[in-house]
Amino acid sequence: CAKKEGGNTQRYFDVQMLKDFNARHALENDLRHALENNELKLYYQPLVGLSDGRVNGFEALMRWDSPTRGLVSPADFIPLAEETGLIRSIGAWALKRACLDAADWREDVGVSVNISACQFRDQSILLDVAAALGVSNLRPSRLELEITESVMLYNTEDTIAILEKLRHIGVKIAMDDFGTGYSSLAYLTKFAFDKVKIDRAFVKGVAENPDCLAIIRAITGLCESLNIPTTAEGVETEDQLQWLRAERCDSVQGYLLGRPKPLEAVEKILACDGKREAVA
Ligand code: C2E
Ligand code: MG
Ligand code: MG
Ligand code: MG
């Protein structure tokens with residue numbers, strides 16, 4: 001997935017560039033060893049249904065627990081993993097780990113795994129998904145893959161063919177960060193997504209910015225006509241939750257409902273699930 005610098009961009013070599021280059025190189029080197037050294041972890045954040053207030057799934061969010069750098073956020077290493085191709089082994093690991101973890105949860109609780117566009121460039125995603133389901137024995141419909149519009153942007157025909165095969169296996173496909181990319185609306189007609197996740201940029205402003213509310217209303221209206229359930233991301237306040245309920249979002253996810261936490265927390269969350277009055 002390495003991207004080449006296009007055109008005749010002329011660059012001048014200076015001290016800052018050298019520092020950046022060295023830092024990037026060191027990060028890449030450390031990341032190469034992160035997987036084999038067991039430094040990658042999956043954190044889990046609950047998705048809560050608005051009709052019954054119960055947890056219906058967890059999103060797996062990767063963390064890199066580096067002995068020298070501390071806890072590194074995916075925003076700081078996923079792009080590099082994509083550029084270097086490391087995402088293929090890291091992504092396969094995440095699928096397997098998430099399926100193995102979810103196999104121990106309540107039957108009606110699924111797991112969502114984020115998939116990078118690069119993982120769609122060849123058929124490897126199919127093999128990785130099959131391997132993860134095989135080793136974990138997880139019912140395929142309990143696995144949901146979250147893809148962004150960037151996946152659809154590149155070679156749409158081939159991508160849709162892969163999505164259809166994944167669908168055939170029985171896994172669910174969610175459109176992540178909806179509303180932030182390009183020509184979002186058209187993609188929804190090209191493949192029957194199982195879920196649309198409304199980007200948290202719109203949720204953030206839903207209570208005070210009429211534009212955000214208008215966009216959320218448009219997305220939920222469209223998804224309702226297309227029969228696609230919606231999840232609102234990044235719900236932080238009670239106020240936002242009430243607005244999203246009024247706009248008939250199907251489920252919610254965000255710090256208000258629970259932050260991403262290590263696997264150990266999942267059991268505790270499920271043990272007291274349905275007893276929280278905040279949501280239902
Ligand atoms: P995403 O898939 O859209 O995940 C949601 C992000 O929003 C997560 O950031 C989550 O921690 C954060 N979040 C959740 N609730 C709230 C909230 O109420 N307020 C705010 N401000 N943020 C909230 P995180 O964990 O840093 O992940 C960032 C992105 O990295 C993800 O965005 C996803 O695109 C990517 N990513 C994470 N794990 C993986 C992975 O295993 N594979 C790939 N390819 N990408 C991953
Ligand atoms: Mg996601
Ligand atoms: Mg998202
Ligand atoms: Mg995102």
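Quick note: residue numbers are just sequence positions, from 1. In listed order, ligands and their atoms are each counted from 1.
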Heavy atoms of Gln119 and Ile125 approach each other most closely as O-CB, 3.4 Å
In terms of heavy-atom contacts, Cys99 and Ser136 come closest through CB-OG, 3.3 Å
Taking heavy atoms and a distance under 4.0 Å, where does [X] meet ligand 1: side chain, backbone, both or neither?
| X | result |
| --- | --- |
| Ser116 | both |
| Arg259 | neither |
| Val235 | backbone |
| Arg63 | side chain |
| Val113 | neither |

Exercise for the section: Before signing off on this row, confirm whether Gln45 and ligand 1 have an N or O atom pair separated by under 3.5 Å. Expected result: yes
Please work out whether the ring planes of His25 and Phe21 are parallel, tilted or perpendicular, with thresholds of 30° and 60°.
-> parallel
Query raised in the report: Just by distance, with hydrogens left out, do Gln240 and Lys204 show a side-chain donor and acceptor under 3.5 Å apart?
Result: no
message = With a cutoff of 4.0 Å, is Pro260 in contact with ligand 1, counting heavy atoms of the residue only?
response = yes
If we only consider heavy atoms of Ala75, is any one of them less than 4.0 Å away from an atom in ligand 1?
no
Counting from 1 in the order shown, the ligand 1 atoms closer than 4.0 Å to a non-hydrogen atom of Asp177 are 3 (O)
Among Glu233, Arg200, Glu236, the residue with a heavy atom nearest to atom 6 (C) of ligand 1 is Arg200
Checking heavy-atom distances from atom 43 (C) of ligand 1 to each of Asp199, Val252, Asp176, Asn114, the winner is Asn114
Is the distance from the Mg ion (ligand 3) to some N, O or S atom of Asp177 under 2.8 Å? yes
Distance in Å, [X] [atom1] paired with [Y] [atom2], rounded so as to fall on 0.5 Å steps:
| X | Y | atom1 | atom2 | answer |
| --- | --- | --- | --- | --- |
| Leu133 | Leu143 | CG | CG | 5.5 Å |
| Glu107 | Arg142 | CD | CZ | 4.5 Å |
| Tyr255 | Gln45 | OH | CD | 7.0 Å |

Give a yes or no on whether Glu157 atom CD has more than 12 heavy-atom contacts from other residues, nucleotides or ligands under 6.0 Å away.
-> no
task: For atom CZ of Arg139, decide whether the heavy atoms of other residues, nucleotides or ligands shown that lie under 6.0 angstrom number more than 12.
output: yes
Review point. Is there a donor-acceptor pair closer than 3.5 Å between any side-chain N or O of Asp199 and the backbone N or O of Thr180?
Key: no
Looking at Glu59, the N, O or S atom sitting nearest the Mg ion (ligand 2) is OE2
The atom name of the N, O or S atom in Glu146 nearest to the Mg ion (ligand 2) is OE1
With rounding to 10 degrees, Asp176 OD1, the Mg ion (ligand 3) and Glu233 OE1 define an angle of 100°
Checklist entry - Hey, is the Mg ion (ligand 2) within less than 2.8 Å of some N/O/S atom on Asn114? => result yes
